[in-house]
> 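The structure that follows is given in the form of structure tokens.
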2 protein chains.
Amino acid sequence: MAVDGTAGRVTRRRLRTRANLLEAAFTVFAGKGFGHVSIEEVCEAAGYTRGAFYSNFTGLDELFFALYTERAELIAEQVSGAFALDGPDLDVTAAVDRVTDVLLLDHDWLLVKTDFLVHAARDPEVARGLLEHRARLRRTIADRLARSHDHTALPAVLGGAEGAAHAVVAAYDGVTVQLLLDRDVARARAWLKQLLTALLTG
Amino acid sequence: MAVDGTAGRVTRRRLRTRANLLEAAFTVFAGKGFGHVSIEEVCEAAGYTRGAFYSNFTGLDELFFALYTERAELIAEQVSGAFALDGPDLDVTAAVDRVTDVLLLDHDWLLVKTDFLVHAARDPEVARGLLEHRARLRRTIADRLARSHDHTALPAVLGGAEGAAHAVVAAYDGVTVQLLLDRDVARARAWLKQLLTALLTG
DNA sequence: CGTATCCGATACACCGATGTATCGAACAGG
DNA sequence: CCTGTTCGATACATCGGTGTATCGGATACG
């Protein structure tokens, strides 16, 4: 059995191996891409055999999903946190600075993230989940932006805070692509900051 | 032999099968993703056997590269064309309209394109090629934007026509991601238009 | 029409990965 | 410490894909 809500015993060892498998999988996925990775490779990297794998997951898909959601949740919290540090009124410029500073722009993570994107783009079920995740993130950002002390600062073309939040995500996605190719993190941060200021204080 | 500059004979049949293989590969790649596709699947979809394949390509990588560059070149021409239709002076608003109208936003193509992106992101050699392609496209856009009759129309934050072109590409990439997930082409077009106007006429 | 060449189908040998079934060892609970 | 349960290693059968070598038919050209 792989995933059972009914935990017979608490099993301490199991959690360790599961975590080890996930961490090893991240490295392997980042290196070769989800599509080109075999179960054996993951096990070898983690120092286990397939027995351990099949005892914890039903297949690569399940592991991949678990891996992604785990890390994505973490990052979403980071972004929310960067926006949340303000008082009741939001200073857009300061928020932009904080976000671009704190945002995790790790090449390996971007690789896995994009792998997951194409995976989701082919599976409506997975796409649904990912869309909801993105919608929640946008909602958070929109809420913060709505508290801006100068509402007219947001360009009207975008259509309010909702549109602005959408634009923020789009900018992030756009920067991601370039960063995936040139691997220049510093430039990406600067560029993201430019884009965001152009979009939010236009 | 697979790729020889010295064409012994002109060979008409060969070109057909090669084209057939490429077209079939596009469908198969779009459906399952580059990483999950076997040579046999491509051959079967095209109505050939592996013999034909190995006679035309050295492996899946080469075919994938050929497939991508072929279509990417086509699209780049479309975009350039949309910008080029103007007279000596560029009407930014009109150009944005044309681009968003003409731009190919086919879901299958976006899938393949993104697959190729992650592929390139892991292979510096391929990444180089892709970066150059993107740079050429940006250059074209920047040239057009520089001819705008009202230069001050471009937001200063972006840093001139170069920056603006960069922003256009980023916006396109950003919209691509959302479109991959929700498959709403009409919305994507409208959204892209909003983004571009916000960026270029800020 | 003849023929030399090319192209792609067929057959073959070879992994590598998969999933399952079984077994010994580790571990929590008493 | 003892014991029943759980976890993960090992062994096995199987399958699908790979790449190559060879052969027959198609095709361009004289």
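Owing to the predicted nature of the structure, the values given are computational and were not obtained by experimental measurement.
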> Rounding to an integer number of Å, can you tell me how far A:Phe57 CZ sits from C:dT18 P?
15 Å
> Can the ring centres of B:Phe64 and B:Phe29 be said to be less than 6.0 Å apart?
yes
> In terms of side-chain geometry, is the basic nitrogen of B:Arg138 or B:Glu162 positioned less than 4.0 Å from the acidic oxygen of its partner?
no
> Looking at A:Asn56, I'd like to know whether one of its side-chain N or O atoms comes within less than 4.0 Å of OP1 or OP2 on D:dG8.
yes
> Closer than 4.0 Å, any side-chain N/O of B:Thr11 to the OP1 or OP2 of C:dC7?
yes
> Rounded to the Å, how far apart are A:Phe53 CZ and D:dC7 C1'?
16 Å
> Picking from D:dT18, D:dA11, C:dG8, which would you name as closest to the side chain of B:Glu40?
D:dT18
> What is the separation between atom CD on A:Glu41 and atom C1' on C:dT18, rounded to the nearest whole Å?
14 Å
> Could you state the CD1-P distance from B:Ile39 to C:dC15, rounded to the nearest angstrom?
18 Å
> Does B:Glu77, at its CD atom, have more than 12 non-hydrogen atoms belonging to other residues, nucleotides or ligands within less than 6.0 Å?
yes
> Is the phosphate of D:dG17, meaning OP1 or OP2, less than 4.0 Å from a side-chain N or O of B:Ser38?
yes
> For D:dC7, take OP1 and OP2 only and decide whether either is under 4.0 Å from a side-chain N or O of A:Thr17.
no
> Quick one: does B:His119's side chain get under 4.5 Å of B:Tyr68's, heavy atoms only?
no
> Is it true that B:Arg134 and B:Asp173 make a salt bridge, defined as a side-chain N closer than 4.0 Å to a carboxylate O?
yes
> For C:dA28, take OP1 and OP2 only and decide whether either is under 4.0 Å from a side-chain N or O of A:Arg12.
yes
> Among D:dG8, C:dG19, C:dA9, which nucleotide sits nearest the side chain of A:Ala52?
D:dG8
> Just the rounded figure in Å: distance from P of C:dG8 to CG of B:Asn20.
10 Å
> To the nearest Å, give me how far apart CZ (A:Arg50) and C1' (D:dA13) are.
12 Å
> CD of A:Glu23: more than 12 outside heavy atoms within 6.0 angstrom?
no
> Let me check the geometry of the helix from C:dC1-D:dG30 to C:dG30-D:dC1. What is the bend angle between the axes at its two ends, five pairs each, to 10°?
40°
> Would one find more than 12 heavy atoms of other residues, nucleotides or ligands at under 6.0 Å from atom CD of B:Glu44?
no
> Among the nucleotides D:dA9, C:dC12, C:dG8, which one has an atom lying closest to any side-chain atom of B:Arg13?
C:dG8
> Grab the CZ-P distance between A:Arg18 and D:dG8 for me, whole Å please.
12 Å
> In whole angstroms, how far is the P atom of D:dA9 from the CZ atom of A:Arg14?
12 Å
> Between D:dC7, C:dG19, D:dT18, spot the one nearest the side chain of B:Tyr54, thanks.
D:dT18
